[in-house]
Amino acid sequence: MKRYMILTILVVLTISCGPKREKETESVISEQDQRMEWWREARFGLFIHWGLYAQPAGEWKGEEIPGISEWIMARAKIPVKEYEQLAATFNPVKYDADQWVRLAKQAGMKYIVITSKHHDGFAMFQSKASAYNIVDATPFGRDPLKELADACEKHGIRLGFYYSQAQDWHEPGGTYWNIEQGEPHWDPELVREPLMNYINGKAVPQVKEILENYGGLDILWWDTPRGMTEEAAEALQAVADQYPAMITNNRLYRPWPGDFSTPEQHVPPTGLDYDWEVCMTMNTSWGYKHYDHNWKSSETLIRMLVDIASKGGNLLLNVGPTAEGEIPEPSVERLQAIGKWMDLNGESIYGTEASPFFKLPWGRCTSRSTNDGTTLYLHVFQWPENNLLRVPGISTTVNHIRLLADQDQTLSSHFEGDDLLIELPGRAPDLVNTVIVVETRESLDVTSNMPSLSGGQIVLPADFADIHNPGYGTHAILKGSGNEARIINWVDSRVRLEWMFNTAEPGKFTVKAQVSAEDSSKLRIRVGEEELEAEIHATGSEFAETILGEIEISVTGDLIISIRPVQDDWNGIELGKVTLVRQ
Ligand code: FHN
């Protein structure tokens, strides 16, 4: 970090040294590109939600409080003075910053972002601006963020602090849950004051403290801009502006984009033309919740990281340490499994670019441009049964194909039309994700395999669907590939599916789908402004071709079809391919 700042200063100095230098500025990357350079290379970071809420861990006075555990103060409507008492017993004696940082590093992560103050208003760092902080208000008496900063410096890991700038349930001027709707604080003793009292009295001084006292942060991660005003945002931004090399996210004030956007608990279906970082929990809650056992598998997490990298984004994967200061064992196991995979395959993630393909039914692709051509990293999630990997619509000269984890294993290939067919070994060396490296020479042209009108129909395979799962709920998943691909576990009525397709001709289409349903359900299908409601009847456990109805497509070009459950008429279905047949 410090080295990076010196570099920045040198560049700025060179830029301001007269006309010759000014010319050079044209070739110097923008200030934002420069500060984003390490972050774009990094691809993978650790999010840590740690605070007083780790102590109740989702339970208050013997009652399990629904929702994410760091929200317990609001959800259980705990009065401020009562919640404050948690500090008196907060003593995370097992906390070992060095161990946390080593774990992140082992997982292949390049940066850490930790909650310095969440919505409960409690500072996890030493603060002169508010005595409600871990050093002054707990028996622990240590500054865990200072220890973390030192460990990050020692192990070469970048560090960011999360700071909840608007919501502060502890302060009369902080914004509270639903205050915008006119709801008062749940604690009648907390009488509302103007927001700027809190911003000037606590938020600005505390942000100054975290930026000054921890060796210079790499990232400042704002959260929940609801209730922020431009005046408040400007006061905080003025502090952040003193640190031009520091990256900030887009959550300070809604209209301001920051350096990167932050899709939460979902992966965008396609790449985005700005920097973005998915923040994601391994189970459901961000903070530690002792009865949250809804863990995503290591396989899901590895594939998620790859999916995100294939779309050009970063993954900030969360852990919620306990009140004793330990990262829960299921999180440790998952981080270690990811690390094992990254050890062999990290080259296919760090500093890579997005996939040049529209969809690859068997997995994902990341790429890297070199002076001589392009290196493609093919991430095979579904090993093809005939051991022939089809890379669709690619025109290039192939230099060399090999397994990333076993450099000596060269693979043969041939072209079938525009499709490159790679001969794979009989069994997948890594069932979660085997990476094949294709080195190409000169230019690389890819013809999009986006579904389009051909032979009077548009076929939308299940493995081309973008599954939009709710952040907190049951997730539908894809099983199998090609003709066998199915969307299963579609029980949550908030899950929707989308496909992109292209049509050059408008017209009326019959919508057909392969469906398996144990009970009847209703679906809503939409293309542009046109919508149709379809009724599904029980098919038993068999898949049956089902006519869903007719839809008029009056526009042409790249379009999206979405299929979503009708909320009160949903019993869950499994879905294979969907076909639009032109009438
Ligand atoms: O309300 C918070 C939540 O507790 C958590 O910190 C997440 C992480 O991105 N941010 C807010 C919800 O968007």
Side-chain angles (χ1 to χ4, degrees), residues 44-58 60 65-78 83 86 109 111-124 145 160-171 174-181 183 185-186 203 210 219-228 247-254 256-268 275-289 292 294 296 304 308 313-321 331 469-473 494:
F44 192 26
L46 180 69
F47 210 0
I48 304 177
H49 274 70
W50 197 37
L52 292 181
Y53 41 80
Q55 234 179 140
W60 193 251
I65 307 299
I68 42 184
S69 80
E70 69 282 6
W71 271 72
I72 196 162
M73 181 178 174
R75 298 257 188 254
K77 299 196 184 323
I78 306 171
Y83 188 87
L86 289 172
M109 292 161 155
Y111 61 106
I112 293 178
V113 178
I114 187 166
T115 46
S116 67
K117 187 200 77 166
H118 205 267
H119 311 329
D120 64 0
F122 184 73
M124 291 293 283
L145 300 200
F161 284 179
Y162 164 113
Y163 189 88
S164 173
Q165 78 282 7
Q167 275 198 94
D168 189 318
W169 305 325
H170 185 261
E171 305 302 327
T175 63
Y176 331 124
W177 185 29
N178 284 344
I179 191 154
E180 299 82 2
Q181 279 84 46
E183 246 181 58
H185 197 286
W186 55 87
I210 57 177
I219 303 169
L220 181 52
W221 217 96
W222 307 109
D223 202 13
T224 59
R226 244 171 77 174
M228 279 297 277
I247 294 169
T248 57
N249 70 356
N250 65 340
R251 295 191 182 184
L252 172 58
Y253 178 54
R254 269 233 168 89
W256 295 356
D259 289 314
F260 64 93
S261 77
T262 50
E264 177 168 325
Q265 299 286 45
H266 75 276
V267 180
D275 292 300
W276 53 282
E277 172 188 76
V278 168
C279 50
M280 179 67 64
T281 50
M282 286 194 204
N283 48 356
T284 305
S285 179
W286 299 93
Y288 177 64
K289 187 173 173 184
D292 178 358
N294 187 24
K296 296 172 186 75
M304 185 185 288
I308 292 168
N314 281 18
L315 171 61
L316 187 64
L317 187 60
N318 183 73
V319 294
S331 301
N469 281 308
Y472 308 97
R494 293 166 302 164

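Side chains are part of it too, since the values below use all heavy atoms of this structure and drop only hydrogens, waters and symmetry mates. Indexing begins at 1, ligand by ligand and atom by atom, following the structure's order. All figures in this text were calculated on a predicted structure; none of them were measured in a lab.
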* To do: Please name all residues satisfying side chain to side chain contact (heavy atoms under 4.5 Å, CB included) with A74, sequence neighbours left out, ordered by chain then number.
  => W71, W169, W177, W186

* Asked: For E171, what residues pass the side chain to side chain contact (heavy atoms under 4.5 Å, CB included) criterion, not counting sequence neighbours?
  -> D168, Y198, K202

* Ignoring hydrogens and angles, state whether a donor on the side chain of E70 or W50 is under 3.5 Å from an acceptor on the partner side chain. => no

Which protein N or O atoms sit under 3.5 Å from any N or O of ligand 1? Give atom names and distances.
residue  : atom   : partner : partner atom : Å
ligand 1 : 1 (O)  : W71     : NE1          : 2.8
ligand 1 : 1 (O)  : H119    : NE2          : 2.8
ligand 1 : 4 (O)  : E70     : OE2          : 2.6
ligand 1 : 4 (O)  : W71     : NE1          : 3.1
ligand 1 : 4 (O)  : H118    : NE2          : 3.2
ligand 1 : 6 (O)  : H49     : NE2          : 2.7
ligand 1 : 6 (O)  : H118    : NE2          : 2.8
ligand 1 : 6 (O)  : Y162    : OH           : 3.4
ligand 1 : 6 (O)  : D223    : OD2          : 3.3
ligand 1 : 9 (O)  : R251    : NH1          : 3.1
ligand 1 : 9 (O)  : E264    : OE1          : 2.9
ligand 1 : 10 (N) : D223    : OD1          : 3.3
ligand 1 : 10 (N) : D223    : OD2          : 2.6
ligand 1 : 13 (O) : E264    : OE1          : 2.7
ligand 1 : 13 (O) : E264    : OE2          : 3.1

* Asked: According to the interplanar angle, ranging from 0 to 90°, do the rings of H119 and Y162 count as parallel (below 30°), tilted (30 to 60°) or perpendicular (above 60°)?
  -> tilted

* Which class fits the ring pair H49 and W286: parallel under 30°, tilted 30 to 60°, perpendicular over 60°? -> tilted

* To do: Apply side chain to side chain contact (heavy atoms under 4.5 Å, CB included) to N250 and list each qualifying residue two or more places apart in sequence or on a separate chain.
  => S261, T262

